Amino acid sequence: MVILTFAQAGAIRIRKSLSALLLLTSTLLFPLLQQSVAGQSSAISEFRVKATFLFQFTQFVDWPTEAFSTAQTPLVIGIFGEDPFGTFLEETVRDERANGHALAVERYRRLEEVKNCHVLFVSGSEASRTGDIVTALKGRSILIVGDSNGFADRGGMIQFVTQENRIRLRINLAAARAAKLTISSKLLRPATVINPGPR
């Protein structure tokens, strides 16, 4: 499983200079160079770690060419529902790129607003609508990510699972492939993969 502790991350700021490959291949699995930040709650720290994961997904997932209208089109990380990240997601992706595309963050309240999105985090506030969201976005190359119980089993592609102060990834590989997304083996190897589907 992919494991990222946030017990220590409860009081840390992640340095963006760490390479994505080092994060994935180190023996500690996603270790973070950290510096103390006093007074952080564990909930805030957890979502800081999840924000970092969302950025890392842009480095280890390939989208089809048609997912971008032009070579200059940004890769958009969207948040659907209540935003648990504050400003940290913007801070994490600022000045970063994925396969030549600048990264941008957008927030949505209605499914009709989800247009040029590539990674969509479905907030816990929308957990009861997971099936409807997945159905509405079917056929589009959007990496659908969430942290509600059973998210991957209901068609979500990557689910954050928190166990013993660690964040693990549960990946619905067939759902990702149906959306024409290619997830790197470096991300798959330490994750729990369900529904691998045909190769």
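Residue numbers start at 1 and run along the sequence shown. Because only heavy atoms are used, hydrogens play no part in the values below, and waters and symmetry mates are left out as well, while side chains stay in. Since the structure is predicted, the reported quantities are computational estimates derived from the model, not experimental observations.
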Counting distance only, does the side-chain N/O of R170 pair as donor-acceptor with the main-chain N or O of M157 below 3.5 Å? no

How about CG on N149, more than 12 heavy atoms from neighbouring residues, nucleotides or ligands closer than 6.0 Å, or not? no

Over all heavy atoms of both residues, which pair between N172 and G156 is shortest? Give the atoms and the distance, please. CB-O, 3.1 Å

Please check if the side chain of H118 supplies one atom and the backbone of I142 the other of a donor-acceptor pair under 3.5 Å. no

Could you tell me which residues satisfy side-chain contact (heavy atoms from CB on, under 4.5 Å) with R154, sequence neighbours excluded, listed by chain and number? T130, S148

Holding to side-chain contact (heavy atoms from CB on, under 4.5 Å), I want the full list of residues that pass it with R107, two or more places apart in sequence or in another chain. I79, D83, E90, V105

Going through the distances and angles, do R110 and E112 end up as a salt bridge (Lys or Arg N to Asp or Glu O under 4.0 Å)? CA-CA 5 Å; R110 296 178 297 117; E112 309 87 79; 2.6 Å; yes

Which pairs with one or both residues in residues 165-186 pass ring-ring contact (aromatic ring centres under 6.0 Å, His included), sequence neighbours excluded? none

In short, ring-ring contact (aromatic ring centres under 6.0 Å, His included) pairs touching residues 135-155 with sequence neighbours left out are none

Salt bridge E113-R109, side-chain N to carboxylate O under 4.0 Å: no

Does D132 offer a backbone N or O that forms a donor-acceptor pair with the side chain of R129 under 3.5 Å? no

Out of curiosity, does V161 fall in the hydrophobic cluster containing I158 (side-chain heavy atoms, cut-off under 4.5 Å, transitive links)? no

May I ask you to decide if the ring planes of F85 and F121 are parallel, tilted or perpendicular, using 30° and 60° as cut-offs? perpendicular

Within the distance-only criterion (no hydrogens, no angle test), does the side chain of W63 pair as donor or acceptor with the backbone N or O of S141 below 3.5 angstrom? yes

Residue pair L54, T52: steps toward the side chain to side chain contact (heavy atoms under 4.5 Å, CB included) verdict: CA-CA 5 Å; L54 292 176; T52 303; over 6 Å; no

Side-chain contact, heavy-atom cut-off 4.5 Å: L103 with T58? yes

Nearest 0.5 angstrom please: F60 CZ to F55 CZ, how far? 9.0 Å

Strictly distance-based, threshold 3.5 Å: is any side-chain N or O of R48 a donor or acceptor partner for the main-chain N or O of L89? no

Step by step, work out the side chain to side chain contact (heavy atoms under 4.5 Å, CB included) result for L173 and L188. CA-CA 9 Å; L173 190 54; L188 292 172; 4.0 Å; yes

Whether D147 side chain and F160 backbone form a donor-acceptor pair below 3.5 Å: no

I would like to know whether Y108 and C117 meet side chain to side chain contact (heavy atoms under 4.5 Å, CB included); could you show each step before the answer? CA-CA 10 Å; Y108 313 109; C117 182; 3.5 Å; yes

dist L111:CG -> L120:CG (nearest 0.5 Å) comes out at 8.0 Å

Crowding at CD, E66 (>12 non-hydrogen neighbours, <6.0 Å): yes

Identify the heavy atoms of A98 and L75 that sit nearest to each other, and give their distance. CB-CD1, 3.9 Å

Could you list the residues that satisfy side-chain contact (heavy atoms from CB on, under 4.5 Å) with K138, not counting sequence neighbours? none

Here's one to test your reading of the geometry: is the NZ or CZ of K50 within 45 degrees of the ring axis of F53 and under 6.0 Å from its centre? no

Residues, nucleotides or ligands: over 12 heavy atoms within 6.0 Å of N99 CG: no

Salt-bridged, R94 to E91, with N to O below 4.0 Å? no

If the condition is side chain to side chain donor-acceptor pair (under 3.5 Å), which residues does E82 pass it with, not counting sequence neighbours? none

Begin with the C-alpha distance, continue with both residues' side-chain angles, and end with the deciding distance and a verdict on side chain to side chain contact (heavy atoms under 4.5 Å, CB included) for T192 and L169. CA-CA 6 Å; T192 296; L169 299 185; over 6 Å; no

Report the distance from atom CZ of R168 to atom OG1 of T162, rounding to the nearest 0.5 Å. 10.0 Å

State plainly whether one hydrophobic cluster holds both V114 and V145, where clusters connect Ile, Leu, Val, Met, Phe, Trp and Tyr through side-chain heavy atoms under 4.5 angstrom apart. yes

